[in-house]
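Residue indices begin at 1 and follow the sequence shown.
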Amino acid sequence: MIETNNSEDDYKFMMEALKEAKKSLESGGIPIGAILVKDGVIVGRGHNNLLQKNSTILHAEMDCIENSGRLKGKDYKRSTLYTTLSPCEMCSGTIILYKISRVVIGENENLKGPEKCLIESGIELKNLDLPECKEMLGSYILQNPDLWADEIERIHE
């Protein structure tokens, strides 16, 4: 089941993920951000870098996990990934692989990843359903429909 109650810490950390999304937008990228939190401390930050680095895999979640360094397995299990958008199949697979125990998403209206797969893998999933997240990416999609269509085509083909 997707949890929808909001806690102060979850909102506070999601605001940090939103800062990352804004960094991506300001550098010419898709406004999606993520942070990884272990025991209440941010251990990694990242944002979508597909366009900026001409990358095929640097979604916000992947960039964040990469920037977290080589954590131990037990550290991932004690971590929460905050991401402004529902993770896609690639990012969800990485979350499952590293056994990150909890994922908090800002929204899943602009794109809904395989959330059921995360839940079935024992990962706690919480959707904050934040207007800030929806509006930032929604505006980007309206202003860049061809870029977004290209990205969605790769994800869903």
> Taking only residues at least two apart or on different chains, which pairs with a member in residues 106-132 satisfy ring-ring contact (aromatic ring centres under 6.0 Å, His included)?
Replying inline: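 Of all non-adjacent pairs touching residues 106-132, none passes ring-ring contact (aromatic ring centres under 6.0 Å, His included).
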>> My understanding is that only residues two or more places apart in sequence, or in another chain, count here; which of them pass side-chain contact (heavy atoms from CB on, under 4.5 Å) with Tyr98?
In response: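 With sequence neighbours excluded, Tyr98 shows a side-chain contact (heavy atoms from CB on, under 4.5 Å) to Tyr76, Thr94, Ile100, given in chain and number order.
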Identify the heavy atoms of [X] and [Y] that sit nearest to each other, and give their distance.
| X | Y | result |
| --- | --- | --- |
| Gly44 | Ser68 | CA-OG, 3.3 Å |
| Asp129 | Asn127 | N-OD1, 2.8 Å |
| Ser92 | Pro87 | OG-O, 3.4 Å |
| Pro114 | Cys88 | CD-C, 3.6 Å |
| Thr83 | Met14 | O-CE, 3.4 Å |
| Gly46 | Asn67 | CA-ND2, 4.1 Å |

With rounding to the nearest 0.5 Å, note down the distance linking [atom1] in [X] to [atom2] in [Y].
| X | Y | atom1 | atom2 | value |
| --- | --- | --- | --- | --- |
| Lys12 | Ser7 | NZ | OG | 9.5 Å |
| Ile42 | Thr80 | CD1 | OG1 | 11.5 Å |
| Leu111 | Trp148 | CG | CH2 | 5.5 Å |
| Arg102 | Lys126 | CZ | NZ | 5.0 Å |
| Leu36 | Arg45 | CG | CZ | 11.5 Å |
| Cys117 | Leu125 | SG | CG | 11.0 Å |

> Going by heavy atoms in the side chains, are Ser55 and Met62 under 4.5 Å from each other?
Replying inline: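 SC-SC contact between Ser55 and Met62 ruled out.
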Would a single hydrophobic cluster contain both [Y] and [X], if residues Ile, Leu, Val, Met, Phe, Trp and Tyr are joined by side-chain heavy-atom contacts under 4.5 Å?
| X | Y | answer |
| --- | --- | --- |
| Met15 | Leu128 | yes |
| Ile96 | Leu71 | yes |
| Leu58 | Ile65 | no |
| Val43 | Leu97 | yes |
| Leu81 | Met90 | no |

> Among pairs that include at least one residue of residues 52-74, which meet salt bridge (Lys or Arg N to Asp or Glu O under 4.0 Å), considering only residues two or more places apart or in two chains?
Replying inline: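 Output for this query is empty, none listed.
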> How about Asp39: does its CG atom have over 12 heavy atoms from other parts shown lying under 6.0 Å from it?
Replying inline: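 Correct, the count exceeds 12.
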>> Run the salt bridge (charged side-chain N to carboxylate O under 4.0 Å, His left out) test against Lys99 and tell me which residues pass, sequence neighbours left out.
In response: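 Checked Lys99 against salt bridge (charged side-chain N to carboxylate O under 4.0 Å, His left out); zero matches.
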>> If the condition is salt bridge (charged side-chain N to carboxylate O under 4.0 Å, His left out), which residues does Lys38 pass it with, not counting sequence neighbours?
In response: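 Per chain and number, Lys38 pairs via salt bridge (charged side-chain N to carboxylate O under 4.0 Å, His left out) with Asp75.
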> Ion pair present between Glu107 and Lys134, side-chain N to carboxylate O less than 4.0 angstrom?
Replying inline: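 Result for this pair is no, no salt bridge flagged.
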Side-chain donor-acceptor contacts of residues 25-33 below 3.5 Å, not counting sequence neighbours, with atom names and distances?
{"residue": "Ser27", "atom": "OG", "partner": "Lys23", "partner atom": "O", "Å": "3.0"}
{"residue": "Ser27", "atom": "OG", "partner": "Ser24", "partner atom": "O", "Å": "3.1"}
{"residue": "Ser27", "atom": "OG", "partner": "Gln52", "partner atom": "NE2", "Å": "2.9"}

> Checking Thr84 side chain against Leu18 main chain: does a donor-acceptor pair fall under 3.5 Å?
Replying inline: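 Judged by distance alone, no pair lies under 3.5 Å.
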> Hey, does the side chain of Ser101 reach the backbone of Ser79 with a donor-acceptor pair shorter than 3.5 angstrom?
Replying inline: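 Side chain of Ser101 to backbone of Ser79, a donor-acceptor pair under 3.5 Å: yes, one is there.
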